[in-house]
Amino acid sequence: KTSSGVHTNRQTCVFSHINCLRYDAWDGYVDSSKRLRQVLKALARHPAFDNVQWRSPAHTVQLEDLFGVHERAYVEGLFTMCELVERGIVERLSINPPSNDAVVTTGTRDAMLSAAACVSHAIDAVMTPTSGVRNAL
């Protein structure tokens, strides 16, 4: 650190949250918890990541926090879809039919908010000179 508290030896951090591992659309779906676990394990085993810090935000973001980066109608629509799934009215919903490239399931709400928290914390860490973080995933 310099006398002003700025780290001169800043490093890489990987931000993740357990809620992101609780989202599953169906077997074989590209955004699955199985795939994310495999990616995280591969990163943890790779020598380039030996000195990486692994962080998990202690909290998620709130619905209103998402309005700064997404249109209100889009976010509210997603949360309405989450509610329908969580209440058991439907098993899952496609955000982009007929391609089904984005699906709402029971773990979607928590995964969205936790992933957004990871991004927010990663940005804060990289942009804060005293954090010791140079870049983040």
Side-chain angles (χ1 to χ4, degrees):
K1 285 185 180 181
T2 64
S3 60
S4 63
V6 175
H7 281 265
T8 54
N9 186 17
R10 295 170 58 155
Q11 65 181 50
T12 299
C13 284
V14 175
F15 289 81
S16 187
H17 196 282
I18 189 68
N19 287 342
C20 298
L21 298 173
R22 295 184 178 130
Y23 166 77
D24 272 312
W26 59 78
D27 286 341
Y29 187 67
V30 68
D31 287 336
S32 69
S33 62
K34 179 180 178 183
R35 180 173 173 261
L36 181 56
R37 280 185 179 88
Q38 290 171 338
V39 168
L40 292 174
K41 284 180 187 177
L43 290 176
R45 287 192 305 257
H46 196 282
F49 286 82
D50 284 348
N51 295 317
V52 167
Q53 287 184 17
W54 294 81
R55 295 186 186 177
S56 179
H59 62 83
T60 62
V61 297
Q62 299 300 313
L63 174 66
E64 295 76 26
D65 296 327
L66 300 177
F67 299 149
V69 292
H70 295 289
E71 291 183 22
R72 178 178 286 273
Y74 176 74
V75 173
E76 289 175 345
L78 286 175
F79 275 73
T80 297
M81 293 172 83
C82 289
E83 186 175 327
L84 293 171
V85 172
E86 290 164 357
R87 292 172 63 200
I89 296 170
V90 294
E91 182 181 350
R92 65 177 163 245
L93 289 168
S94 176
I95 296 169
N96 189 22
S99 69
N100 291 328
D101 65 347
V103 178
V104 173
T105 66
T106 54
T108 299
R109 180 193 312 259
D110 290 340
M112 285 189 310
L113 293 173
S114 297
C118 288
V119 170
S120 176
H121 284 271
I123 291 169
D124 287 347
V126 170
M127 297 305 294
T128 304
T130 57
S131 73
V133 178
R134 180 184 59 222
N135 51 51
L137 305 171

For this session: Identify the two heavy atoms, one from Val133 and one from Asn135, that lie closest to each other, and give their separation to 0.1 Å.
Result: CG1-O, 3.4 Å
Problem set entry | Heavy-atom neighbours of Asn51 CG exceed 12 at 6.0 Å | no
For this session: For the residue pair Tyr74 and His70, categorise the inter-ring angle as parallel (less than 30°), tilted (30 to 60°) or perpendicular (more than 60°).
Result: tilted
Problem set entry | Linked, directly or transitively: Val126 and Val52 (ILVMFWY side chains, under 4.5 Å) | no
Exercise. With hydrophobic residues grouped by side-chain heavy-atom distances under 4.5 Å, do Val69 and Val61 end up in a single group?
Worked result: no
Exercise. Looking at side-chain heavy atoms only, is the closest gap between Val75 and Leu63 below 4.5 Å?
Worked result: yes
Exercise. What distance separates Ser56 OG from His59 NE2, expressed to the nearest 0.5 Å?
Worked result: 10.5 Å
Problem set entry | Gap between atom CG of Leu66 and atom CG of Leu113 - 0.5 Å precision | 6.0 Å
Exercise. Taking all non-hydrogen atoms of both residues, which atom of Ala136 and which atom of Ala122 are closest, and how far apart?
Worked result: CB-CB, 3.7 Å
Problem set entry | Met112-Ile18 co-clustered via ILVMFWY side chain contacts under 4.5 Å | no
For this session: Please round to the nearest 0.5 Å and tell me the distance separating atom CG of Leu43 and atom CG of Leu137.
Result: 7.0 Å
Problem set entry | Cys20 and Leu36, any side-chain heavy atoms less than 4.5 Å apart | yes
For this session: Count the heavy atoms of every other residue, nucleotide or ligand shown that sit under 6.0 Å from CD of Glu71, and state whether that count exceeds 12.
Result: no
For this session: Can you measure from CD (Glu91) to OG1 (Thr105) and round to the nearest 0.5 angstrom?
Result: 9.0 Å
For this session: Give, for atom CG of Leu40 and atom CH2 of Trp54, the distance between the pair rounded to the nearest 0.5 Å.
Result: 5.5 Å
Exercise. With no hydrogens and no angle check, is any side-chain donor or acceptor of Thr80 less than 3.5 Å from a backbone partner on Glu76?
Worked result: yes
For this session: Indicate if Met127 and Val119 have the same hydrophobic cluster label, given that clusters are the connected sets of ILVMFWY residues with side-chain heavy-atom separations under 4.5 angstrom.
Result: yes
Exercise. Can you find a heavy atom in the side chain of Arg22 that is under 4.5 Å from one in the side chain of His17?
Worked result: no
Problem set entry | Joint hydrophobic cluster, Phe15 plus Ile123, side-chain heavy atoms closer than 4.5 Å | no
Exercise. Just how far is it from atom OG of Ser33 to atom CG of Asn19, taken to the nearest 0.5 Å?
Worked result: 12.0 Å
For this session: Apply the side-chain contact (heavy atoms from CB on, under 4.5 Å) test between Cys82 and each candidate in Asp110, Thr108, Leu93; give the one that qualifies.
Result: Thr108
Problem set entry | Student check: side-chain heavy atoms of His121 and Arg55 closer than 4.5 Å | no
